[in-house]
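See below for the structure under consideration.
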Amino acid sequence: MINPTAALRIARPSRDLAAAERFYAGGLGLHVLYRATAETPGEHDLLMLGWPGASWHLELLGGPNLTAEPSPTDEDLLVLYLATPIDESLITALIEAGGQRVAQGDYWDRWGVTIADPDGYRLTLSTRTWSNG
């Protein structure tokens, strides 16, 4: 049986790790938890972002050895349930950090704001709450 508090890693490729860092760290406020530069052929540059103490992190792979280009779809959502109205200054910070506000359909547009990151993956900030309990 898997422990329900097991850590979650969300990994995906990025064309530009510096741009992704500006968006997720500078705009959203995630912390850089780890970074590495590829040292041997076949390795990737790596950027891990998250909040200290959280049970999840976002891992972005990039660099010259990247073999899988980012290929986001409109349904590739990373949703953060904030349980509060979205602060306009956060939206502004994400856009200034390289994001683009996009429509995400009636449901998500009603309950939040969606911003595409520099690679086109979508981050939805939801005013709702969520619990698996």
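Since the model is a prediction, treat every value here as computed from it, not as a measurement.
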Parallel, tilted or perpendicular: ring planes of Tyr81 versus Trp108, cut at 30 and 60 degrees: tilted
Which atom names give the shortest non-hydrogen contact between Thr5 and Ser55, and what distance separates them? O-CB, 4.4 Å
Do Leu60 and Leu49 have side-chain heavy atoms sitting under 4.5 Å apart? yes
Consider only side-chain heavy atoms of I, L, V, M, F, W and Y, link residues closer than 4.5 Å, and tell whether Leu90 and Leu78 are in one cluster. yes
Step through the shown structure and confirm whether more than 12 heavy atoms of other residues, nucleotides or ligands are within 6.0 Å of CD on Gln100. no
Separation between OG of Ser14 and CZ of Phe23, rounded to the nearest 0.5 Å: 11.5 Å
Of the non-hydrogen atoms in Pro13 and Leu66, which two are nearest, and what is the gap between them? CB-CD1, 3.8 Å
Does the side chain of Leu46 come within less than 4.5 Å of Leu61's, by heavy atoms? yes
Indicate the atoms forming the closest heavy-atom contact of Tyr121 with Pro72, along with that distance. CD2-CB, 3.4 Å
Ile115 and Gly99 have their tightest heavy-atom pair at CG2-CA, 3.8 Å
Could you tell me whether the side chain of Ile10 reaches within less than 4.5 Å of the side chain of Glu59, counting heavy atoms only? no
So which heavy atom on Thr129 is nearest to which on Ala83, and how close? CG2-CB, 3.0 Å
NE2 on His44 to CG on Leu17, rounded to 0.5 Å: 10.5 Å
Do Ile91 and Leu94 have side chains that approach each other closer than 4.5 Å (heavy atoms only, starting at C-beta)? no
If the condition is side chain to side chain contact (heavy atoms under 4.5 Å, CB included), which residues does Asn65 pass it with, not counting sequence neighbours? Ala38
Output the distance between atom CE (Met1) and atom CG (Asn3), rounded to the nearest 0.5 Å. 9.0 Å
Judged by atom type as modelled, is there a donor-acceptor pair below 3.5 Å linking the side chain of Ser126 to the main-chain atoms of Trp111? yes
Look only at the side chain of Asp119 and the backbone of Arg15, and say whether a donor-acceptor pair between them is shorter than 3.5 Å. yes
Would you check if Trp130 and Val79 make a side-chain contact, meaning some heavy-atom pair closer than 4.5 Å? no
Please check if Leu33 and Trp56 belong to a single hydrophobic cluster, counting links between Ile, Leu, Val, Met, Phe, Trp and Tyr side chain heavy atoms closer than 4.5 Å. no
side-chain hydrogen bond (donor to acceptor under 3.5 Å, both in side chains) test vs Arg122 passes for just one of Asp74, Thr114, Asp76, namely Asp74
Does one hydrophobic cluster hold both Trp51 and Leu8, with members joined at side-chain heavy-atom distances below 4.5 Å? yes
Counting distance only, does the side-chain N/O of Arg101 pair as donor-acceptor with the main-chain N or O of Ile95 below 3.5 Å? no
Are Leu82 and Leu123 linked, directly or through intermediate hydrophobic residues, by side-chain heavy-atom contacts shorter than 4.5 Å (ILVMFWY only)? yes
Minimal non-hydrogen separation, Pro118 against Gly98, with atom names: CG-O, 4.0 Å
Taking C-beta and beyond as the side chain, do His31 and Met48 meet within less than 4.5 Å on heavy atoms? no
